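Have a look at the structure below before the remarks.
In what follows, chains carry the letters A, B, and so on, assigned in the order in which the sequence lines appear, proteins first and then strands, with residues in each chain numbered from 1. Because the structure is a prediction, the values reported are computed rather than measured.
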Amino acid sequence: MASGERDVSEVALKGASAPMAVAASRAAVLRRLRLTDAIFHGLTRAASLAVLALLSGVIIALIYGAAPALGTFGFGFLFDESWNPVTERFGALAPIFGTLVTSFIAMLIAVPVGLMVAFFLTELCPMILRRPIGIAIELLAGIPSIIYGIWGLFVFAPFMQQYVQPLFIDTFANVPILSTLFAGPPYGIGMFTAGLILAIMVLPFVTSISRDVFDAVPPVLKEAAYGVGCTTWEVFRYVVLPFTRVGVIGGFMLGLGRALGETMAVTFVIGNAHHISASLFAPGTTISASIANEFTEAVGDLYTSALVALGLILFFITFCVLAIARYMLMRLQRQGGK
Amino acid sequence: MATTASKTAALASPLYAGRRRRNTIAKGLAFAATIFGLGWLILILGVLLYKGVGGLSLAVFTENTPPPGAAGGLLNAIVGSLIMTILAVLIGTPIGILAGTYLAEYGRHDKLSSVVRFINDILLSAPSIVIGLFVYEILVAPMGHFSGWAGAVALAVIVIPVVVRTTEDMLSLVPDTLREAAASIGLPRAHMIVRIAYRAAQAGIVTGILLAVARISGETAPLLFTALNNQFFSLNMGAPMPSLPVVIFQFALSPYAEWQKLAWTGALLITVTVLGLSIVARSLTSARKS
């Protein structure tokens, strides 16, 4: 197309019987333009390939760093609870368990609360308040995780220790399963507290994505449901939720990805103990907290390598969760486009 | 009269009453959930203000981090954070804008773009501690020591996906008629993008950069084992470099009251910066829309 344009312009110039010098300089300018065009195209392409290289780089670097530990312990690394720097015996079971349990607690709270907040924002809230409340929830998402961590350590953990945990322990002392879950001395810190702080962190993500997908429901559908006499709740429960199911689950998965990989908020309050206990009030550890706490102090190649291997496992888990989330959100987008 | 009577009968019917009750309960729960969500924001910001403002003084900005038990400030940490943030933005923004340009302008529908878009989304929410491990493996381990460069690179890796995403989104908001008008007067594509598309999407792209700065200014995990920390004032990028988040982490977990107080002050500074940046970014885009 570009060469076609040049031909036309040259013909036009010749037709006007312009001097050859003008035609030549014109050709030079056009050549320069074409060159800069090609260079720019190449640059943007290289930059987008760099994004690909970045992700492959992360995977390769982690596998390279984890190789010594994985070579020594094999697949047993995943199922071994021991973590002993002195005898150099490492296993990932306790951190994996802690990561899953704290994220589970977080989602258990953040999902229903986030859904209800989104319900409030899209269906019930007066128009004037919608924007400010939406912005406030998003600000909550912008607060750096270390702030949650320091707040959790100095404010939330003591509160849990003094009031909430003794209450739970006393109340459920004679209930079969709950007495094991909520047993032991109230330390304040531990997996339960970490899970709660994660819930507060994940809540804004779940809320803002749910709100966005709820807003995308065609008003006609809702109006039809109101027209046959549905209550607000029924419209939400039987029209909005089924219609947005895929997007909402995608939003949950994004939140879960966030919770699984969260480091600083958890590191402050988890207690960093490499053992698995049935009680949620006991200190534990997560993958990210172990790395943050021990990496700079790790002595010996095998210890460092074991921590990198933990990072590799974390990356693998979050990669799967995020991939599912993106796939679901993409499907919703395609559905909306039709 | 007859209609009123049937209406009261309907109101009294157990089915209708049950539905109404469920509706009221659901509404109440939604309201409570919103209060619950906003309550944390107020609680956290309130405590932060209460604990952080007390420690604010000129010394915070003019003195370096103190040894245990002495008074001091956060100067070296603030300067370190600023240097690494600026460098990270300088490294990450060009790559991010160019890649976002490719996605929105050259390869809107090709296979490479959809893969890059997907990978970028994964990077956008990848755990930041893993990014730290990555930079440790490629920079710190080969060089044999922690350094400010490694910290800046780790932060740049976080900047890139944020900028790619917003650049692509903002460029795809630019109307195609502008592009067609430029093409019709014979402007090459690269010049159309630089002179017209970028200019139309300017505010949005700047927003993306601001959001990226907001994101990295509170990041702690990727700095822990790349830039590490430094008790002294340092402008040497080849040596360990202090940063506000890492200093907060170290001081908050220490047993010394002065250190804990400085940690709260630092936390307040970071939060104010981050919230300020996101509010400015938001007002930029909303001004553009209206």
Heavy-atom pairs under 4.5 Å with chain A: which of [options] has the most?
| options | value |
| --- | --- |
| Leu103(B), Leu123(B), Val115(B), Leu41(B) | Leu41(B) |
| Ser125(B), Ser217(B), Gly107(B) | Ser125(B) |
| Ile35(B), Leu48(B), Leu228(B), Val274(B) | Val274(B) |
| Val194(B), Leu277(B), Ile270(B), Leu133(B) | Leu133(B) |
| Ile42(B), Val135(B), Leu112(B) | Leu112(B) |
| Ile138(B), Ile129(B), Ile119(B), Val164(B) | Ile129(B) |

Residue selection (most heavy-atom pairs with chain B, distance under 4.5 Å) from [options]:
| options | answer |
| --- | --- |
| Phe268(A), Phe319(A), Phe315(A), Phe295(A) | Phe295(A) |
| Thr318(A), Leu139(A), Ile291(A), Leu203(A) | Ile291(A) |
| Gly149(A), Pro112(A), Ala323(A), Ala110(A) | Ala323(A) |
| Val51(A), Ile287(A), Leu121(A), Leu62(A) | Val51(A) |
| Ile200(A), Thr296(A), Leu43(A) | Ile200(A) |
| Ile147(A), Thr263(A), Ile150(A), Leu140(A) | Ile150(A) |

I'd like a table of donor-acceptor pairs (distance under 3.5 Å, sequence neighbours excluded) in which one partner is a side-chain atom from residues 22-33 of chain B, with atom names and distances.
unit_1	atom_1	unit_2	atom_2	d
Asn23(B)	OD1	Trp233(A)	N	2.9
Thr24(B)	OG1	Arg20(B)	O	2.7

Tell me, side chain or backbone of [X] under 4.5 Å from chain B's heavy atoms, or both, or neither?
| X | answer |
| --- | --- |
| Phe236(A) | neither |
| Val155(A) | side chain |
| Thr267(A) | side chain |
| Arg258(A) | side chain |

Rounded distance [0.5 Å steps], [atom1] in [X] versus [atom2] in [Y]:
| X | Y | atom1 | atom2 | value |
| --- | --- | --- | --- | --- |
| Leu33(A) | Leu187(B) | CG | CG | 8.0 Å |
| Ile248(B) | Met264(A) | CD1 | CE | 9.5 Å |
| Thr271(B) | Ile143(A) | OG1 | CD1 | 6.5 Å |

What's the shortest heavy-atom distance between [X] and [Y], and which atoms?
| X | Y | result |
| --- | --- | --- |
| Ala47(A) | Ile95(B) | CB-O, 3.6 Å |
| Ala136(A) | Leu38(B) | CB-CD2, 3.7 Å |
| Phe134(B) | Ala61(A) | CD1-CB, 3.7 Å |

Output every pair passing ring pair (Phe, Tyr, Trp, His ring centres under 6.0 Å) with a member in residues 100-131 of chain B, not counting sequence neighbours, ordered by first then second residue.
His41(A)-Tyr106(B)
For Arg117(B), is it the side chain, the backbone, both or neither that has a heavy atom under 4.5 Å from a heavy atom of chain A?
neither
Under 30°, 30 to 60°, or over 60°: which ring-plane class applies to Trp151(A) and Trp40(B), parallel, tilted or perpendicular?
perpendicular
